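The structure appears right after this line, and notes come after that.
Below, read A as the first sequence line, B as the second, and so on, with proteins coming before strands; counting in each chain starts at 1. Since the structure is predicted, the reported quantities are computational estimates derived from the model, not experimental observations.
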Amino acid sequence: MPELPEVETTARGLRALIVGCRIGAVGGIDWPRMLPTSAPDELARALVGRTIQAVERRGKYLLLRLDDAASLAVHRKMTGNLVVVPSVAPRQPHTHLALSLEDGRDMRFVDPRKFGRVYYFPTPEALERFLAERLGPEPLGELGVERLAELLRRRRGRLKSLLLNQLFLAGIGNLYADEILWAARLHPERTASSLSLAEVERLHQAVQRVLLEAIARRGTSLSTYRDASGEPGENQAFLQVYGRAGAPCLRCGTPIARKLLGARGTWFCPQCQRPEGGG
DNA sequence: CCACGATCCTGCTAGC
DNA sequence: TGCTAGCAGGATCGTG
């Protein structure tokens, strides 16, 4: 599942590969539902002849800025990948969009599960409005300990549910939420507003460290995630709790527990991550 | 404000 | 071996 580190890795890869390139043709659209803001032929008309000026990331959205101030926002959801390949390469299964660049390469959107979406926005304002309605602050951006403490203070929900809420922090998904909470030694069901200042500091540090280390390892490839060049990440070998039910906690040896929280698989150490009042 | 369940999809796996 | 049922989950929406 592409979360912030995977989207960031892809954005960096795409930046090196396609900034400055001009789109010569748009094809391969076999699933119009992935284009919530445009009809396939409208999208093709809007994109052909445009040059890609910048590649950015906001939360889990990958942003392509075009030379006419329009933009594309791509959300890969569970299984979507954006890859750059020679235009003559055979189209792999589940390819739903191909932007043919004039230099003989394609940027293709491949998504077996068909959850991913590609949004077209004609103006920067339309893009900004869309993002502002959905995303809170960047966890690796302006977020300081004081600001995090203030945000947590008014929330009475469970800590993990809050980390998954993109309006609270942008970019954290199920895998990194569990990794962050383990690193911070905080139980996923802790009431957000109950954290002490010391605990907020641990959480803040864990958010930064877990995400930055995952980016340094080019993301986590559990099954389908690949970067812009089609390469898997390295972080899956370094997961501390996610998917490790029954295996010993790497800090204290206690078997890792798994439970469902809001219909999401949740892994944690019942010893290191004590519930409410446990410290 | 918060919880819960349904929805969208298909590859994979467990179980028979 | 071959089939099938069920699981996985990000975002959104409706209900309590």
Side-chain angles (χ1 to χ4, degrees), chain A residues 1-8 10 29-37 57-63 73-82 91-97 109-119 121 127 129-136 138-139 150-181 187-195 211 214 219-226 232 236 239 241-246 256-268 275-276:
Chain A
M1 328 136 234
E3 304 179 25
L4 189 154
E6 290 75 35
V7 183
E8 179 64 27
T10 304
I29 299 175
D30 66 344
W31 186 249
R33 191 172 232 182
M34 73 168 186
L35 305 171
T37 59
R57 179 197 59 77
R58 178 78 173 89
K60 300 176 198 170
Y61 290 89
L62 199 133
L63 312 178
V74 180
H75 199 306
R76 298 150 69 185
K77 294 290 177 77
M78 314 297 302
T79 54
N81 279 315
L82 278 173
R91 189 165 292 176
Q92 63 177 293
H94 313 295
T95 299
H96 304 305
L97 174 68
F109 184 56
V110 183
D111 184 12
R113 203 78 65 89
K114 292 182 176 170
F115 276 18
R117 297 289 182 265
V118 177
Y119 302 85
F121 297 103
L127 171 67
R129 196 179 325 124
F130 176 86
L131 296 175
E133 283 169 0
R134 287 166 176 77
L135 301 179
E138 284 291 324
E150 185 196 325
L151 289 172
L152 286 163
R153 204 177 304 131
R154 9 184 159 119
R155 298 299 198 123
R156 277 168 299 152
R158 292 158 165 175
L159 190 52
K160 177 171 176 182
S161 303
L162 198 54
L163 289 180
L164 294 178
N165 182 346
Q166 301 301 296
L167 278 165
F168 179 72
L169 285 181
I172 297 170
N174 200 44
L175 185 152
Y176 291 109
D178 283 0
E179 293 295 312
I180 287 166
L181 290 173
H187 194 282
E189 293 180 285
R190 284 288 300 276
T191 302
S193 59
S194 78
L195 267 58
L211 295 179
T220 303
S221 291
L222 286 180
S223 54
T224 53
Y225 164 69
R226 296 294 183 274
Q236 58 276 12
L239 295 178
V241 277
Y242 184 88
R244 297 190 65 246
I256 296 299
R258 179 187 190 270
K259 70 180 293 187
L260 281 177
L261 211 81
R264 297 279 132 68
T266 297
W267 288 266
F268 63 101
E276 205 84 23

*Options B:dG11, B:dC9, C:dG10, nucleotide nearest the side-chain atoms of A:Met78*: C:dG10
_I need the A:Thr266 OG1 to A:Arg158 CZ distance, nearest 0.5 Å._
9.0 Å
*Go through residues 150-171 of chain A and report each residue with a non-hydrogen atom lying under 4.0 Å from DNA chain C, sorted by number.*
A:Gln166
*Under 4.0 angstrom between A:Lys60 side-chain N/O and C:dA11 OP1 or OP2*: yes
*asked:* Between A:Arg258 and C:dA8, is there a contact of a side-chain N or O with OP1 or OP2 at under 4.0 Å?
replied: yes
*So what does A:Tyr242 touch, heavy atoms closer than 4.0 Å: a base, only the sugar-phosphate, or nothing?*
sugar-phosphate
*For the pair made of CZ in A:Arg117 and C1' in C:dT12, what is the distance, rounded to whole Å?*
11 Å
*Please report, rounded to the nearest Å, how far the P atom of C:dA11 is from the CZ atom of A:Arg33.*
18 Å
_Any donor-acceptor pair under 3.5 Å from A:Arg117 side chain to A:Lys114 backbone_ = yes
*Between atom CZ in A:Arg264 and atom P in C:dC7, what is the gap in whole Å?*
15 Å
_Nearest-neighbour nucleotide for the A:Asn174 side chain, B:dT10, B:dG11, C:dG10 considered_ = C:dG10
*To the nearest 0.5 Å, tell me how far A:Phe268 CZ sits from A:Leu261 CG.*
8.5 Å
Which atom pairs link the protein and nucleotides 3-6 of chain C when you take only N or O atoms and keep those under 3.5 Å?
none

*Rounded to the nearest 0.5 Å, what separation is found between the NZ atom of A:Lys160 and the CG atom of A:Asp178?*
3.5 Å
*Looking at the side chain of A:Phe115, which of B:dC9, B:dT10, C:dA8 is the nearest nucleotide?*
B:dC9
*Quickly work out the A:Glu3 CD to C:dA11 C1' distance and round it to whole Å.*
13 Å
*When rounded to the nearest 0.5 angstrom, what distance separates CD in A:Glu179 from CD1 in A:Ile172?*
12.0 Å
*Separation of atom CE in A:Met34 from atom P in C:dA11, rounded to whole Å*: 19 Å
*May I ask you to say what A:Gly265 touches in the nucleic acid, namely base, sugar-phosphate or nothing, with a heavy-atom cut-off under 4.0 Å?*
sugar-phosphate
*asked:* Quick check for you: to the nearest 0.5 Å, what is the distance between A:Tyr119 atom OH and A:His75 atom NE2?
replied: 7.5 Å
*Is the distance from OP1 or OP2 of B:dC9 to the nearest side-chain N or O of A:His94 less than 4.0 Å?*
no
_Which nucleotide, if any, forms a Watson-Crick or G-U wobble pair with C:dG6, using both distances under 3.5 Å?_
B:dC12
_Looking only at side-chain N and O atoms, does A:Asp30 offer a donor or acceptor that is under 3.5 Å from a partner on A:His96?_
yes
*Whole-Å distance separating the CG atom of A:Leu260 from the P atom of C:dC7*: 9 Å
*Exercise: do A:Tyr61 and A:Gln166 side chains pair donor with acceptor under 3.5 Å*: no
_What is the distance, to the nearest angstrom, from the OH atom on A:Tyr225 to the C1' atom on C:dG10?_
17 Å
*Identify whether the distance between the nearest side-chain nitrogen and carboxylate oxygen of A:Glu6 and A:Arg76 falls below 4.0 Å.*
no
*Just wondering, more than 12 heavy atoms not from A:Arg91 lying within 6.0 Å of its CZ?*
yes
_Length of the line joining A:Lys259:NZ and C:dA8:C1', which is rounded to integer Å_ = 19 Å
